[in-house]
Each structure stands twice: as structure tokens, then as C-alpha cells.
Amino acid sequence: MADGEGLKVEKNYHLNTPFGTDSGFHVKGAAHLDWGMKRHLTNIFHPQSGNTVMFAFDHGYFMGSVSGLERLDLLIPQLVDQVDVLMATRGALRTCVKPDFRKGIALRVSAGSSMINDDLSHEIVSVDMEDAIRMNADCMAVQTFIGADGQLESIDNLSRVINAGNRYSIPTLGVIAVGKNMERTDQYFKLATRIVAELGAHIIKTYYCEKFEEIAAACPVPIVVAGGKKLPEAEALTMAYRSMQGGARGLDMGRNIFQSRHPAAMADAIGKIVHSKFTDKEAWEYYRETAK
Ligand code: 5RP
């Protein structure tokens with residue numbers, strides 16, 4: 001039932017109309033979930049702002065020890081006060097994060113590729129549900145490769161994790177990976193985010209792009225924006241600000257924090273945009289003051 005040329009009516013994202021079923025709960029699309037799910041989502045999304053600063057340092061699962069993540073044991077203690085959630089592999093969490101860490105945990109549960117592969121899109125589910133429960137994960141992160149060679153297996157992985165998570169009230173974070181032959185366009189992200197949300201993911205991680213507000217409006221669950229490759233700090237703060245203005249409910253940032261000369265100040269400045277309504281200019285001034 002593909003639409004033929006000329007049959008589609010113009011799309012209307014109703015950008016000025018808030019999402020319909022929030023019913024007082026602070027996480028988009030979660031109003032009808034059960035207590036356990038809401039509890040985990042509240043460990044991720046702050047109940048006052050409804051937003052989150054996630055610090056992603058799961059890169060080692062396919063990139064090894066990337067620059068800035070050589071010594072997790074030294075880096076993570078600098079950042080735990082500045083962020084709401086740590087996103088990592090179970091190996092990194094168990095070895096380098098103290099169990100008395102009281103904020104959210106986004107546990108990476110898919111794996112299978114490495115930087116020396118030509119095609120990164122083939123993954124498996126690498127963590128048992130029981131181990132995610134043991135680690136008290138607040139959500140489980142699965143890579144999805146819409147349009148790539150590994151699309152079917154990544155949708156299979158995502159669906160298995162969502163099904164298992166639903167049995168134990170643990171949300172799933174669907175990570176939109178841009179497949180080898182895909183481009184970072186709003187058309188691609190509209191397609192991929194909506195597919196992953198309709199499959200049942202409770203949170204979506206994707207990239208910022210033009211017309212981001214339409215992507216966010218058409219996605220019935222919260223979007224957190226990935227940082228991507230390291231940018232100058234001022235540009236990364238502008239990207240964060242535009243993402244929030246466009247309807248993101250937070251950032252899930254890695255390299256733009258841990259490859260900054262001042263990771264804690266950068267995470268702190270991102271937090272000001274996400275939770276305290278700072279503009280990018282104000283956050284940049286704040287970064288410059290705190291990075292001294
Ligand atoms: C890998 C991931 C990473 O966690 C994330 O993309 C890395 O964050 P950043 O791009 O900000 O360094 O999900 O696909």
C-alpha cells in the first residue's frame with residue numbers, strides 16, 4: 001500500500017499543539033504506562049523540567065578506547081554530579097561506576113560490530129534481561145539500522161528487548177544509527193524515529209537536523225539528541241539549544257563532553273540549557289566562566 005505519486009495530502013505536524021495524552025505525567029507518551037515504567041522513566045527525566053542530560057560513554061562497545069575514554073575510572077567521577085544518566089556498557093558500569101551512584105542508568109544491550117568492520121549494522125542482543133535487572137537499569141539501549149543491511153536483525157533485537165523489558169517494566173531506548181548508505185536528512189529521521197517508536201521504544205535517541213521540530217512532533221515518545229563528532233564547544237551548545245527549542249527532551253551526549261578540554265564544565269553548561277532554559281549564548285558564557 002505504498003502511496004502513489006500525487007496521492008499524499010500535505011503533512012500537518014500541528015507544531016503549536018502540545019502532545020495529546022500527557023495527563024500530568026512528565027514523560028511524553030508514558031501517561032498510560034505502569035508504576036514501574038514510570039519510576040524508571042523518572043530516574044531518567046527530571047520530574048520538574050521533564051528533561052534529561054544523559055552522558056554517553058558506551059563507545060567502547062564497538063570503538064575500543066576512543067580518545068577521551070582511555071581511563072573511565074578517572075573520567076566518570078568528574079561527571080556524575082553534572083548529569084542525570086550514565087549511558088554505558090555493563091562492563092564499564094561494573095568496573096568504573098560506584099554502585100552508590102544514585103542517578104539513572106541507560107544500559108547498552110546491543111553489540112556485534114567493531115570499527116574494523118565495513119558494515120556496522122549487524123548486531124545481536126548481548127545482555128540478558130536478568131542481567132539488566134541485576135544492574136537496576138532504568139532503560140536498555142538498542143541500536144537500530146533502518147534502511148541498512150542489518151535492518152531486519154536490528155528490528156528483531158529491538159523487539160526482543162522491548163518485549164522482555166515490558167515484562168519487567170524496564171523501558172527501551174531505541175538508538176537511531178544512520179546506516180552506511182543513509183543520509184542525515186529530516187526525511188530519514190522522520191522515518192526511522194517513527195518506526196522505532198511504533199515498534200514500542202519508550203525513548204528515542206537520534207541526531208539533530210533541519211526541521212527537527214517536525215521530527216519531534218511526529219514522534220510520540222521523548223527524543224534525546226546525540227552529540228555526534230566533537231564540535232567547538234560554542235557550536236555544540238547551539239546544537240543543544242536548537243534541539244531543545246525543537247522539542248527534544250534532552251541530550252545524550254558523548255564526545256562533545258568527554259573530548260572537551262573541560263568535560264565537567266561542558267556537561268554543566270548543557271544542563272543549564274536542558275533544565276534551566278539558558279540560551280546557547282548564556283550557556284557559552286557560563287561554560288567560559290566555569291571552565292577557568
Ligand atoms: C553509538 C551511541 C553512542 O552512545 C552515541 O552516539 C555516542 O554519543 P556521541 O555521538 O555524542 O559521541 O549510541 O551509536
Side-chain angles (χ1 to χ4, degrees), residues 44 52-70 72 75-76 79 82-93 97 104-115 117 119-127 137-148 150-151 154 157-158 161 172-180 182 184 188-189 192-193 196 201 203-209 223-233 235-240 242-243 248 250-260 263 266-267 269-271 273-274:
I44 297 170
T52 186
V53 179
M54 303 174 75
F55 175 54
F57 60 103
D58 58 338
H59 305 59
Y61 98 91
F62 73 109
M63 296 170 91
S65 65
V66 296
S67 177
L69 292 183
E70 300 87 344
L72 297 177
L75 176 72
I76 304 309
L79 291 168
Q82 326 296 335
V83 301
D84 301 301
V85 177
L86 295 181
M87 176 178 180
T89 61
R90 62 179 164 185
L93 288 167
V97 178
I105 293 289
L107 180 64
R108 159 68 56 186
V109 300
S110 69
S113 44
S114 75
M115 287 308 281
N117 289 9
D119 180 358
L120 299 175
S121 74
H122 299 283
E123 293 199 338
I124 54 164
V125 176
S126 58
V127 178
D138 292 301
C139 69
M140 299 176 288
V142 180
Q143 212 75 355
T144 59
F145 298 89
I146 304 301
Q151 172 178 294
S154 75
N157 295 339
L158 178 76
V161 171
T172 298
L173 166 62
V175 181
I176 309 295
V178 183
K180 210 166 86 181
M182 300 295 124
R184 295 182 179 205
Y188 176 70
F189 289 127
T193 54
V196 171
I203 311 166
I204 310 280
K205 172 173 176 169
T206 191
Y207 292 93
Y208 179 77
C209 69
I223 291 184
V224 292
V225 170
K229 285 189 182 148
K230 175 77 174 71
L231 300 167
E233 278 78 0
E235 286 177 34
L237 292 169
T238 295
M239 194 266 289
R242 289 187 181 154
S243 301
L251 276 292
D252 187 4
M253 205 171 240
R255 286 162 287 182
N256 277 290
I257 292 176
F258 66 74
Q259 290 180 345
S260 167
M266 189 60 187
I270 294 286
I273 293 172
V274 167

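All values reported here derive from a predicted model rather than from experimental measurement. We use all heavy atoms of the structure for the numbers below, so side chains are in, but hydrogens, waters and symmetry mates are not. Order of listing sets the numbers, starting from 1, for every ligand and every atom in it.
With hydrogens and angles ignored, the 3.5 Å screen pairs a side-chain donor or acceptor of Q151 with a backbone N or O of G147.
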Per-pair distances, ligand 1 N/O vs protein N/O, less than 3.5 Å:
{"residue": "ligand 1", "atom": "4 (O)", "partner": "D58", "partner atom": "OD1", "Å": "2.3"}
{"residue": "ligand 1", "atom": "4 (O)", "partner": "D58", "partner atom": "OD2", "Å": "3.2"}
{"residue": "ligand 1", "atom": "4 (O)", "partner": "K205", "partner atom": "NZ", "Å": "3.1"}
{"residue": "ligand 1", "atom": "8 (O)", "partner": "H59", "partner atom": "NE2", "Å": "3.4"}
{"residue": "ligand 1", "atom": "10 (O)", "partner": "G228", "partner atom": "N", "Å": "2.9"}
{"residue": "ligand 1", "atom": "10 (O)", "partner": "R255", "partner atom": "NH2", "Å": "2.9"}
{"residue": "ligand 1", "atom": "11 (O)", "partner": "G227", "partner atom": "N", "Å": "3.1"}
{"residue": "ligand 1", "atom": "11 (O)", "partner": "G228", "partner atom": "N", "Å": "3.2"}
{"residue": "ligand 1", "atom": "11 (O)", "partner": "G254", "partner atom": "N", "Å": "2.8"}
{"residue": "ligand 1", "atom": "12 (O)", "partner": "H59", "partner atom": "NE2", "Å": "2.7"}
{"residue": "ligand 1", "atom": "12 (O)", "partner": "R255", "partner atom": "N", "Å": "2.9"}
{"residue": "ligand 1", "atom": "12 (O)", "partner": "R255", "partner atom": "NE", "Å": "2.8"}
{"residue": "ligand 1", "atom": "13 (O)", "partner": "R108", "partner atom": "NH2", "Å": "3.2"}
{"residue": "ligand 1", "atom": "13 (O)", "partner": "K205", "partner atom": "NZ", "Å": "3.4"}
{"residue": "ligand 1", "atom": "14 (O)", "partner": "Q143", "partner atom": "NE2", "Å": "2.4"}

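Looking at heavy atoms from C-beta onward, I273 lies in side-chain contact with L237 at the 4.5 angstrom threshold. Inter-residue side-chain proximity for F62 and E123 is flagged as unmet; no heavy-atom pair is nearer than 4.5 Å.
With sequence neighbours excluded, the residues satisfying side-chain contact (heavy atoms from CB on, under 4.5 Å) with R242 are Y208, T238. Taking Y207 as the reference, nothing meets the ring-ring contact (aromatic ring centres under 6.0 Å, His included) condition, with sequence neighbours excluded. Applying the side-chain contact (heavy atoms from CB on, under 4.5 Å) rule to V97 yields the partners F57, I76, L86, L93, F101; only residues at least two apart in sequence or on another chain are considered.
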